[in-house]
2 protein chains.
Amino acid sequence: MRAAFHAGLDELVSHLARMVRLAGEMMTNASIALHQNDLALAALVVDDYDQIKGLYTSLERRCVALLALEAPVAGDLRVVVSTVHALGHAQRMGNLARHVAMIAQFKRPNPMTSGTVRPVLARMSLLASQLAADAATAIEYQDPLSGCRLAVADDEVDALLRHLFGILFAKDWSDGVEPAVNAALIGRYYERFGDHAVAIARGVCYRVTGEISDGHAVRAAGYFGEHRLPF
Amino acid sequence: MRAAFHAGLDELVSHLARMVRLAGEMMTNASIALHQNDLALAALVVDDYDQIKGLYTSLERRCVALLALEAPVAGDLRVVVSTVHALGHAQRMGNLARHVAMIAQFKRPNPMTSGTVRPVLARMSLLASQLAADAATAIEYQDPLSGCRLAVADDEVDALLRHLFGILFAKDWSDGVEPAVNAALIGRYYERFGDHAVAIARGVCYRVTGEISDGHAVRAAGYFGEHRLPF
């Protein structure tokens, strides 16, 4: 009975990692669609969001079933509760990738036409995709130190967002209001995407080492990690 | 034993409603600070976020303790799981209010100086605050129909955001790039704030009527409600 329960728990964690990896691939494709003006690829990303929704629904159902049928405690309970949190983060990551893809689909002129903004958003997109892949690996390997590693990479995303706003607000910005607003929103989507990846990785730390009783683990788990002004 | 458990559950729900109401009051004050250029009030909102963090930590701890010690099933389990979700939404609402307050604190010129943008953001702020208050009431009265009611009000927030982008992108916009980007971000924060309030209210519906087994309740609970292009 407990062996079957732990097999179920392992399967849950492995599906969660798959969902986070899918969100990362969606963001990679959304960024390529944006940078190469590839409308068909953007449409594929938008369609991929249905997979994210399906995974969310089925994995949340598994979490509730495990809680109802097995009444886990201690470390097992932490796995289920942190998975419930991580599902919300992974779903938002997929949705943010969809937002970027929809800008690629519908916004003319493409906000990537500005030569100064393009390399900044390209670097942000690479880091965002990498953060998702690293969060998935952290889940698979149950690595309690991954949260700190991801937070360092996420600091670069935050710094790039501030740099992006510096470019948009400079006196020599000549591409007009609409491309500036779109670039700002894309930057903000990458930044939020990175925050969610860090929160998932920190959830792994809580899962492996967590001490719910004093609440420090929850604070350390990064749910309140976003303290800086986002631009 | 079960009476004590249900008293604990009632207390949890009542604290959650208090947390959502606090997030709404923070957004009201952040909007007043923005519109009246009130730096002291903006600083108060930023400080209030500590209360949100404290409530999140203590309520999540209660949820985990209830799951570990009482192993609830059926409706009781739904209350705890939907509270775990709602805590995440309420924490994000407080954080979004903090974002608006920080723009009021640090952005010069104040993005509210544009005469065309000001009434649109004022209306959005009123609706956002009302959505939070309505979500708190929905929790207190366990009203399963509140989700639909809030979604209607939230549609107006979404329409106002599209209207705002229309103003910012029009040929006669003359206030420059930085106020436009800031106004766009504030609009986006109100829109996300409303989405979280709707998700909380729809969680009440799931809690009262939910059928986890087929997943429809979870889909209906609005976690994927944000399907439109946000601008």
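The analysis underlying the following values was restricted to heavy atoms, covering all of them including side chains, and did not include hydrogens, waters or symmetry mates. Throughout, protein chains are lettered first and strands after them, A, B, ... in sequence-line order, and every chain is numbered starting at 1.
Summarising the geometry, atom CZ belonging to A/F165 is positioned 8.0 Å from atom CG belonging to B/N182; distances are rounded to the nearest 0.5 Å. Between atom CZ of residue B/R92 and atom CZ of residue A/R92 there is a gap of 8.5 Å, rounded to the nearest 0.5 Å. Between the CZ atom in A/R188 and the OH atom in B/Y189 there is a gap of 4.0 Å [rounded to 0.5 Å]. Here A/H85 contributes atom NE2 and B/H85 contributes atom NE2; the two are 9.0 Å apart, rounded to the nearest 0.5 Å. Atom-to-atom distance recorded for B/R192:CZ and A/R192:CZ is 8.5 Å, nearest 0.5 angstrom. Atom CZ in A/F169 sits 4.5 Å away from atom NZ in B/K107 (nearest 0.5 Å).
Looking at every heavy atom in both residues, B/V177 comes nearest to A/G176 through CG2-O, 4.2 Å. Among all heavy-atom pairs drawn from B/A184 and A/V181, the shortest one is CB-CG1, 3.7 Å.
For the set B/V73, B/V46, B/L67, the entry with the most heavy-atom pairs within less than 4.5 Å of chain A is B/L67. Heavy-atom pairs under 4.5 Å with chain B were tallied for A/L87, A/L77, A/V80; the largest tally goes to A/L77.
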